[in-house]
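Computed from a prediction, not measured in an experiment: that's the story for all the values here. Order of the sequence lines sets the chain letters (A, B, ...), proteins ahead of strands, with each chain counted from 1.
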Number of protein chains: 2
Amino acid sequence: MSTASASEWAEHARAVMDQAGHRKGGARNAIIDLLAEQPCALSAIEIEDHLRRSDRSASRASIYRILELLQDRGLVVRLDVGDASSRYELIDPGGEHHHHLLCESCGRLVPFDDAGLERSIDRVSRRMGFRTHGHEVVLRGDCVACQH
Amino acid sequence: MSTASASEWAEHARAVMDQAGHRKGGARNAIIDLLAEQPCALSAIEIEDHLRRSDRSASRASIYRILELLQDRGLVVRLDVGDASSRYELIDPGGEHHHHLLCESCGRLVPFDDAGLERSIDRVSRRMGFRTHGHEVVLRGDCVACQH
DNA sequence: GGGCAAGCGAGACGGTGTCTCACTATGGCC
DNA sequence: GGCCATAGTGAGACACCGTCTCGCTTGCCC
Ligand SMILES: [Zn+2]
Ligand SMILES: [Zn+2]
Ligand SMILES: [Zn+2]
Ligand SMILES: [Zn+2]
């Protein structure tokens, strides 16, 4: 998620919302810009804090409302790693996505991607007869930095 | 999770707790028995409800306390599918485990397992240099019954 | 049986996420 | 540009899950 592709995503997101008939919105623009420059997922509370410290804050209700809108349009994905709060991150319009290791030592979320893993998921999904719209993989353990 | 292996697990769980120096406990026994007869994961609130309707209820504090104990001993696994509450299910002492499809139509949790998926997870974990203690895979979509 | 610590219950508490409702801003229309 | 309908937003009340405290109960060892 380089700076270039990040602002690309922001424009893409705004275009999608515009095309869907939504008016412009200050809070929504601020959230889109914030998400665009993140390397990985943010919780709703983290978004609230970041915005409060910037020049454009947003109320909690708006944050959840906007995140749900962005999810419905396929612009953002919500992921739950089980630490009492969901996190949100942008979806690459090119279809690329990644998964996460939750480090039990430092608590950080480490992204990774793997084509073989994606193929396995597709395969088992077909074998079971599911029609899947998405999936989530969370590893728990120690990241590279935390293996003393 | 047949009835036979379920009661096996209950005995196994009680033996592990006993060997770890824990005294007997009524609430703990009730929770172990309840988990043993479940085909898939239950939330803490569902456990509370089930027990309240039975002849041996347990307070919420005890439920969470006991579930954490069982987790620490590797008898139970907690999984989060993102609907605002964690769910708990027993771990097969033979090492077998499964993953889940969360059906977006009927809301049910459908278990499945797949050796290829497990291999992929091991492989990517090694490739990234993680030391993992566990993992979670959640598919979202429609189960077989919900594909009109 | 007596004593003590583990096990447990009841309820207060905190944080995340939802809901309502009034206010503000946007874009179409004149 | 000015008006209006309504989408967008903010503030706060609210609900829920999970945590914590603290006093009571129960199992276990002597
Ligand atoms: Zn990420
Ligand atoms: Zn994937
Ligand atoms: Zn299950
Ligand atoms: Zn697995």
Side-chain angles (χ1 to χ4, degrees), chain A residues 13-34 41-73 75-88 107, chain B residues 13-34 41-73 75-88 107:
Chain A
R14 270 187 271 269
V16 168
M17 296 307 284
D18 189 53
Q19 208 156 358
H22 286 281
R23 296 180 183 175
K24 288 199 279 188
R28 192 167 65 226
N29 277 334
I31 291 175
I32 287 175
D33 288 336
L34 178 63
L42 283 186
S43 72
I45 306 297
E46 286 172 331
I47 292 174
E48 191 177 15
D49 291 342
H50 273 87
L51 292 182
R52 201 199 335 275
R53 276 187 237 106
S54 77
D55 55 344
R56 182 56 168 87
S57 67
S59 73
R60 183 168 302 186
S62 295
I63 293 172
Y64 283 105
R65 197 187 308 123
I66 290 165
L67 287 173
E68 194 181 350
L69 272 182
L70 295 175
Q71 270 188 93
D72 292 344
R73 300 288 166 193
L75 295 165
V76 154
V77 63
R78 185 181 80 190
L79 58 106
D80 299 274
V81 294
D83 66 335
S85 66
S86 298
R87 307 189 195 200
Y88 301 82
Chain B
R14 271 188 270 270
V16 168
M17 296 307 283
D18 188 53
Q19 208 157 358
H22 286 280
R23 297 179 183 175
K24 289 200 281 187
R28 193 167 64 226
N29 277 334
I31 291 175
I32 287 175
D33 288 337
L34 178 63
L42 283 186
S43 72
I45 305 300
E46 287 171 332
I47 292 173
E48 193 178 13
D49 291 342
H50 273 87
L51 293 182
R52 201 199 335 274
R53 276 187 238 107
S54 77
D55 55 344
R56 181 56 169 88
S57 67
S59 73
R60 184 168 300 186
S62 295
I63 293 173
Y64 284 105
R65 197 187 307 123
I66 289 165
L67 287 173
E68 194 181 350
L69 272 181
L70 295 176
Q71 270 188 94
D72 292 344
R73 300 287 168 193
L75 295 165
V76 153
V77 63
R78 185 182 81 191
L79 57 107
D80 299 274
V81 295
D83 66 335
S85 67
S86 299
R87 309 191 193 199
Y88 301 82

Trace of the side chain to side chain contact (heavy atoms under 4.5 Å, CB included) decision for A:L75 with A:I32: CA-CA 10 Å; A:L75 295 165; A:I32 287 175; over 6 Å; no

Check against side chain to side chain contact (heavy atoms under 4.5 Å, CB included), A:N29 and A:R56: CA-CA 9 Å; A:N29 277 334; A:R56 182 56 168 87; over 6 Å; no

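- Side-chain contact check for B:I45 versus B:R60: some heavy-atom pair is nearer than 4.5 Å.
- Here the C1' atom of nucleotide C:dA6 and the CD1 atom of B:I66 are 12 Å apart, to the nearest Å.
- We find that CG of B:L70 is positioned 12 Å from P of C:dG7, with the value rounded to whole Å.
- At least one side-chain heavy atom of A:D49 sits under 4.5 Å from a side-chain heavy atom of A:R52.
- Counting heavy atoms from C-beta outward, B:R87 and B:V81 have side chains that approach closer than 4.5 Å.
- In this structure, A:A41 and A:L79 approach most closely via the heavy-atom pair CB-CD2, 4.2 Å.
- Atom pair B:R65:CZ and C:dA5:P shows a separation of 18 Å (rounding to whole Å applied).
- Within the 4.5 Å cutoff, side-chain heavy atoms of B:M17 are placed close to those of B:L70.
- Atom CD in B:E48 sits 7.5 Å away from atom OH in B:Y64 (nearest 0.5 Å).
- At the heavy-atom level, B:S86 lies under 4.0 Å from the strands shown only through sugar-phosphate atoms.
- Atom CG of B:D80 and atom C1' of C:dT16 are 14 Å apart (whole Å).
- For DNA chain D, the contact window with chain B, defined by any atom under 4.0 Å from a protein heavy atom, covers D:dC17 to D:dC28 in 5' to 3' order.
- Using a 4.0 Å cutoff on non-hydrogen atoms, the parts of residues 47-62 of chain A near DNA chain C are A:R60, A:A61, ordered by number.
- Summarising the geometry of A:D80 relative to A:S86, their closest heavy-atom pair is OD1-OG, 2.5 Å, with the distance given to 0.1 Å.
- Taking a 4.0 Å limit (strictly below) on heavy-atom distances, residues 13-34 of chain B reaches DNA chain D at B:R23, B:K24.
- Other residues, nucleotides and ligands contribute over 12 non-hydrogen atoms within 6.0 Å of the CD atom of B:Q71.
- One N or O on the side chain of B:R28 and one on the backbone of B:R23 form a donor-acceptor pair closer than 3.5 Å.
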